[in-house]
Structures are given as structure tokens and as C-alpha cells.
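Atoms within a ligand are numbered from 1 in the order they appear, just like the ligands themselves.
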Amino acid sequence: MKTFADIGLSEDLLRAVADKGYTTPSPIQEQAIPNVLARKDLIAAAQTGTGKTAGFTLPMMQILHDSSQSRPSRGRPIRALVLTPTRELAAQVEQSIIDYGKYLQLRSMVVYGGVKIGPQIRKLKDGIDILVATPGRLLDLCQQGACKLDQVNMLVLDEADRMLDMGFINDIRKVIKLLPKKRQNLLFSATFSKEIKQMTRELLVNPITVEVSPENTTAETVAQHAYRCDNTKKSDICLKLIQEGGWKQVLIFTRTKHGANRLSQKLDKAGINSSAIHGNKGQGARTKALEGFKQGKVRVLVATDIAARGLDIAQLPHVINFELPNVAEDYVHRIGRTGRAGKEGEAISLVCNDERPFLTGIEKLIKQRIPLTDIEGFAPELWPKRAPTASEVMKAANARKQQARQAQGPRKQGGGRRHSAQGGNSGEKKSSAPASRNRRSRRRSR
Ligand code: AMP
């Protein structure tokens with residue numbers, strides 16, 4: 001087995017890595033680090049939990065350090081740019097840079113939207129070596145002349161599939177136009193759709209491909225299980241699982257913001273301390289909830305996909321899919337929160353009759369059967385022999401929507417309730433819309 005020294009890291013980084021308690025490089029690190037140090041373009045197929053962040057931040061810092069010895073710190077140009085889909089992921093990448101760079105003199109900074117731009121503009125003036133950013137805020141800063149990218153010689157696209165899903169493709173293209181043509185490009189993605197493959201062709205030059213778990217598969221350390229149930233019983237099932245299992249740290253995914261709030265309130269009432277995070281919560285509230293969860297003060301974090309993207313919570317033991325995602329790749333991302341870096345984890349999905357087509361889609365994607373059983377006392381009343389097709393589910397959802405509208409009478413602007421295929425309310429995701437439409441709605445709802 002190789003050590004961090006074997007794969008070419010310098011003394012200062014070796015010390016920082018040892019301080020973090022890492023003994024050996026993870027497989028993605030073992031493959032990525034020497035290639036990045038050799039200044040190669042890289043495509044890395046890796047989901048969160050594999051150690052991918054250190055896979056690019058460590059060699060990046062070594063390269064920058066080696067070439068910055070003689071530079072004054074003030075007025076340094078930005079030489080490395082990391083783009084991430086969400087604020088949370090951006091903050092986590094920046095934290096890794098701070099941790100791993102503790103014995104180096106590099107300057108880094110994170111910028112994202114939802115907070116005041118003024119302090120970011122002021123800090124940028126001091127000179128930054130590494131900038132971690134979400135695309136929208138970065139473009140704002142560039143347009144205001146606060147940020148120059150013409151000296152960037154390393155670009156990292158982290159969770160590139162998420163960025164495309166969230167509709168950032170045009171922003172990314174605009175950012176790339178601001179970069180020098182000659183640079184090193186690293187692209188990390190958990191899944192490889194046609195669009196991602198197209199992007200790699202456009203962006204990367206003779207890239208090396210590294211892969212730790214085959215495309216669209218789930219971590220082996222995650223035990224996956226699904227329970228058949230009625231939609232109306234799902235929150236009681238969550239209560240039972242958490243209480244009887246004595247679970248201390250649980251991440252629950254809901255499709256909608258309202259669903260997340262409702263479930264969180266129900267858990268709180270039952271004496272289980274929980275917080276909800278979603279696109280309607282301000283950055284402060286999201287950070288606070290996440291911190292509370294990491295420190296063990298909040299036992300259950302209820303999140304929508306967008307809010308939970310890229311969360312790095314060490315050793316998260318339990319994930320519950322309160323509703324299955326209708327975009328199968330999201331399942332891979334969701335359960336990627338658990339069983340991280342070799343730790344064991346458990347992912348449970350609550351599946352009502354209408355969600356059966358989604359379960360089939362997920363199993364097809366991950367090329368694996370997920371055991372489906374009943375929980376004692378919660379066997380579903382409705383579970384016909386034949387599973388509904390996706391189009392039947394969509395039709396039924398539309399009919400319910402229509403009925404609800406008629407029952408409500410004329411709709412007030414923006415005030416109506418939307419019903420999903422699972423009977424949920426309006427939210428970050430539409431239940432059965434095609435993926436392209438979902439992408440647009442996700443972006444809007446951030
Ligand atoms: P990531 O996939 O980058 O989100 O990393 C997942 C988790 O693994 C983080 O909590 C890291 O601190 C941890 N980690 C990264 N590299 C290693 C390593 N070589 N050994 C042990 N843990 C690691």
C-alpha cells in the first residue's frame with residue numbers, strides 16, 4: 001500500500017495530512033495526486049465520501065506553493081479556481097484548503113451568493129492564490145471588476161454533474177471565457193451523463209481518467225434497504241426507526257421544502273431534536289443547522305436534495321429517503337452521504353405504490369436490487385400486484401392536481417398548492433416532470 005510520501009507530497013502537506021489523522025491515501029487520492037502533480041488534465045469519477053477533495057486540493061497546493069516562493073503575498077493573482085455547485089460544498093472545500101494548508105503560506109478564499117458582496121470584494125483586493133466559488137457569485141464579482149481570472153492556471157470543476165443539473169452550464173461557459181487558454185483542468189463528477197461527456201470533450205486536453213467506483217454505482221459500505229408503505233405512514237415509520245433503533249445522527253431526504261418542514265416539526269414534537277434545511281432557508285440558518293447536526297446537538301437533519309448536496313458529515317450512519325427521487329442519479333448522491341471513506345452506513349428508502357417506477361429506475365442505474373420488505377405494523381394497504389408505470393403515476397398526479405384546483409376555486413397568484421405523485425406539496429422538485437424541466441425548477445428554487 002502506498003503512502004502519501006510515495007505519491008509525491010511535500011513535507012508540509014504530509015504533516016498536515018498526518019494531523020488530520022489520515023494514514024494512507026484513499027484510492028482516488030492515490031490515482032489523482034501524481035497525475036495532478038504531473039500537470040495533467042484529469043477526469044475523476046468519484047462521489048463524495050471517497051476523499052476526492054483532498055485528491056485535488058493537496059496537489060494543487062503543492063504546485064502553487066512550489067511556484068510562489070518568491071512572490072510577495074499582497075497583490076498575488078488568483079492562480080487556482082475551484083467551482084462548486086453549492087455554498088455548502090464551497091465552504092467545505094475552503095475548509096479543506098485551510099486544514100491541509102496550515103503549514104504553507106498560501107492564501108485562499110471562498111465566495112458564494114446569499115451573503116453580502118462588499119466584504120468579499122475587500123478581501124479579494126488583498127491577493128488570493130486559490131479561489132473557491134459558486135458560479136453565479138463569481139460572475140457578479142468579475143462583472144464588478146473585483147476579481148480577475150486571467151492568471152488562473154488550474155481550474156477544478158467539483159461535482160460537475162450537479163452544476164449542470166442546477167443549470168449552471170452557461171455561467172460555467174462565461175467563467176471559462178475569462179480564463180487563460182493554457183491551463184490545467186480537473187473535472188470531478190459522480191455521474192457521467194451525455195452532457196458531462198460533452199463538457200469533458202470541450203474543456204479537457206488529453207485527460208487522464210481515474211475512477212474509484214464504477215460509473216453510477218453506490219458505495220459498497222452502504223447497506224441499502226427499502227420498505228413498502230403508504231405515503232401517509234411515512235413520518236410514523238421515521239419515528240419508529242429512529243426511536244427504536246436509538247439512532248443518533250440521521251439525514252432524511254424529502255422532495256419538497258414544505259415536506260421537510262412538516263417532518264421536522266413532527267419529529268420535534270415527538271422529542272427528537274431536528275432541523276430542516278432547504279432553499280427557502282437563509283445561509284445563516286443552513287450553516288447553523290449543519291453545525292448543530294455535525295456536533296450532535298441536532299439528531300435529525302431533514303433536507304431537500306439541493307440543500308444536502310455535497311454535505312460532508314464524517315461517518316454519517318443513517319440516511320432515510322422519505323421519498324424516492326425521480327431522477328435516479330440523485331439516489332446515488334443521497335446515499336453517498338453515508339458509508340463515507342470506508343465507514344459503514346445504512347440507507348433506507350420508504351416506498352409507496354406511486355414510487356415503484358422510481359425504485360425500478362434506481363435499481364437499473366445502480367445495477368443492483370434493493371431488498372424491499374414491510375415493517376411490522378406498517379404494511380401498505382395499497383400495493384397492487386402490478387406496479388404502476390411512470391406515465392400512470394404522472395397521469396394520476398395530474399388528475400389529483402386538477403381536482404385540488406377545482407376544489408379550491410379560482411387560484412390566487414402563486415398561492416395554490418401543488419400535489420406531487422406522492423401527494424406532497426409544492427417544492428424544490430416536481431414529482432414526475434422530465435429531467436430537463438426538473439433542472440430548470442431546481443435552479444429557480446435555490
Ligand atoms: P470527500 O470525498 O472529499 O468529501 O471526503 C470524505 C471524508 O473523508 C472527509 O471527511 C475527509 O476528511 C475524509 N478523508 C479524506 N481523505 C482521507 C484519507 N486518506 N484517510 C481518511 N479519511 C480521509
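Put simply, CZ on Phe4 and CG on Leu14 are 8.5 Å apart, with the number rounded to the nearest 0.5 Å.
Taking any N or O of Gly51, backbone or side chain, at least one lies under 3.5 Å from an N or O belonging to ligand 1. The shortest N or O to N or O distance between Gln29 and ligand 1 is below 3.5 Å. Taking any N or O of Thr23, backbone or side chain, none lies under 3.5 Å from an N or O belonging to ligand 1. Distances between N or O atoms of Tyr100 and those of ligand 1 include no value under 3.5 Å.
Contact between Val17 and ligand 1 is absent, with no heavy atom of the residue lying under 4.0 Å from the ligand.
Classification of Arg299 and Asp268 as a salt-bridged pair fails, no side-chain N sitting under 4.0 Å from a carboxylate O.
A pairwise comparison of heavy atoms in Lys123 and Ser108 identifies NZ-O, 3.9 Å as the closest pair.
In the vicinity of Thr53, heavy-atom distances shorter than 4.0 Å reach the ligand 1 atoms 1 (P), 3 (O), 4 (O). Per-residue contacts place Ser26 under 4.0 angstrom from the following atoms of ligand 1 (heavy atoms of the residue considered): 19 (N).
Ring centers of Phe188 and Phe56: under 6.0 Å apart, within the cut-off.
Side chains of Asp99 and Gln95: a donor-acceptor N/O pair is present below 3.5 angstrom, by distance only.
For the residues Tyr22, Phe56, Phe188, the heavy atom positioned nearest atom 21 (C) of ligand 1 is part of Tyr22.
Under the 3.5 Å distance criterion, the side-chain polar atoms of Glu323 are left unmatched by any main-chain donor or acceptor of Ser349.
Note that Arg15 lies in the cation-pi zone of Tyr103, set by a 6.0 Å cut-off to the ring centre and a 45° limit from the axis.
With a heavy-atom cut-off of 4.0 Å, Phe4 touches ligand 1 through its side chain alone.
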